[in-house]
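Encoded as structure tokens, the structure appears first; notes follow it.
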Amino acid sequence: MMQGSSMDIRLPEDDEFDLPSAVCRYGFYLLAPNVWDKATATLRRPLHVPSGPVEVVVGQQGGVLRVVCDRRLRRGELFQVRRQVERMLRLNEHLGPWYELYPAARRARFGRLFRSPTVFEDIVKTMTCCNVAWANTVRMNAQLCELYGGGAFPTPEALAGEQPSRLRQRTSLGYRADWIITLAREVVEGRRSLEKLETRWPSAMYLLPQLETIHGIGPYAAANMLMLLGCYTDVAIDTETIRHCREHLGWPIPNGAAASPQWRRRIQEHYDQYVPFQFLAYWYELWMGSSLEADDTPSDTDTAAGA
DNA sequence: GGTAGACCTGGACGC
DNA sequence: GCGTCCAGGTCTACC
């Protein structure tokens, strides 16, 4: 049992928060340094505070999240831990409208998609998802944490001083090493502010142009980052999306059409019926295996019957 | 605006 | 064990 600081985060009474659902519905929870303990339903990982990395364990006891650290922290550092936990679990995100529109999502506790404690980590993780099999994504993140974070996820400072060629040599990142070092240097040298992207209730119109200036962020990665920043209007279209549209929606998308602008537009237009929750609706279909409109959108008949 | 090819790695497969 | 092919998203050059 860890001996250190701890705190309770009280969940809103009307919130139907469920920790396993908030963590395990998005694959980032499987990437280092995150560790999900299924037996105890707790999330463990190191977080950065000014005095160095601190290992934290997050568990849920009814309407309270209990956060336990492996060492004593100053009050200000404890607050920083809280902010990072809140970000990972999207505790400050208001999903009421989503649940009101789609009761099936509420019943399934489907709405909070796990993310990282920092925007930097989210961007790097998204880059490691691109053009690579999942097993390699897992490997890349493990290597980054082991070699540049001492077990924690590396900070921009830890990566900015490294040579891209050496990062390539030591990890499986390949050409992504250049993108990651470039981003880390931009952040450290003050040429790029990632905090700016965290503006409350941003719109895609505001965020997309900024995301697209990051080297290594293309259409898929930008849409994925929008989702991670709390803006769900764009669907991150990859080969999995194409497979889903073929198998679930029965669309005759030919092989090799994954990058076709025409199909991309058609996919986005299809999910635009769920505005402003296009990504959530798509992800719900992908994970739950059923579409929201099939059994959930209240019809006029239902409403009339209910009345 | 759309398209083709290079980029890089690991896994699968055939020899 | 070795070589070849393929999957995966982004970038760049070209039309």
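None of these values were measured; they are calculated from a predicted model. Order of the sequence lines fixes the chain letters, A, B, ..., with proteins taken first and strands second; residue numbering starts at 1 for each chain.
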From the list [options], which nucleotide is the closest neighbour of the side chain of [X]?
X        : options                : result
A:Gln262 : C:dT10, B:dG2, B:dT9   : B:dG2
A:Tyr175 : B:dG2, C:dT10, B:dC8   : B:dC8
A:His215 : C:dT10, C:dC11, B:dG10 : C:dC11
A:Ala221 : C:dT10, B:dG2, B:dT9   : C:dT10

Heavy atoms only, 4.0 Å cut-off, all strands: where does A:Ile217 land among base, sugar-phosphate and nothing?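 Result for A:Ile217 = sugar-phosphate.
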
Could you give the [atom1]-to-[atom2] distance, from [X] to [N], as a whole number of Å?
X        : N      : atom1 : atom2 : answer
A:Ile180 : B:dT9  : CD1   : P     : 13 Å
A:Asp178 : B:dC8  : CG    : P     : 8 Å
A:Glu240 : C:dG8  : CD    : P     : 9 Å
A:Arg176 : B:dC7  : CZ    : C1'   : 9 Å
A:Met127 : C:dC11 : CE    : P     : 8 Å
A:Trp134 : C:dG9  : CH2   : P     : 13 Å
A:Arg168 : B:dT9  : CZ    : P     : 7 Å
A:Tyr220 : C:dG8  : OH    : C1'   : 10 Å

Only one of A:Tyr232, A:Phe277, A:Trp283 passes ring-ring contact (aromatic ring centres under 6.0 Å, His included) with A:Trp98; say which it is.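 Testing A:Trp98 for a ring-ring contact (aromatic ring centres under 6.0 Å, His included) against A:Tyr232, A:Phe277, A:Trp283 leaves exactly one candidate, A:Phe277.
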
Does [X] put a side-chain nitrogen or oxygen below 4.0 Å from OP1 or OP2 of [N]?
X        : N      : answer
A:Ser172 : B:dC8  : no
A:Arg139 : B:dG11 : yes
A:Arg265 : B:dG2  : yes
A:Thr239 : C:dA7  : no

Mutual orientation of the aromatic rings belonging to A:His244 and A:His248 [parallel < 30°, tilted 30-60°, perpendicular > 60°]: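 Parallel.
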
Would you call the rings of A:His215 and A:Trp179 parallel, tilted or perpendicular if under 30° counts as parallel and over 60° as perpendicular?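 Ring orientation of A:His215 relative to A:Trp179: perpendicular.
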
Is any side-chain heavy atom of A:Val35 closer than 4.5 Å to a side-chain heavy atom of A:Arg45?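 They are not in side-chain contact.
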
Would you find more than 12 non-hydrogen atoms of other residues, nucleotides or ligands less than 6.0 Å from A:Phe79 atom CZ?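 It does not: A:Phe79 CZ has 12 such atoms or fewer within range.
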
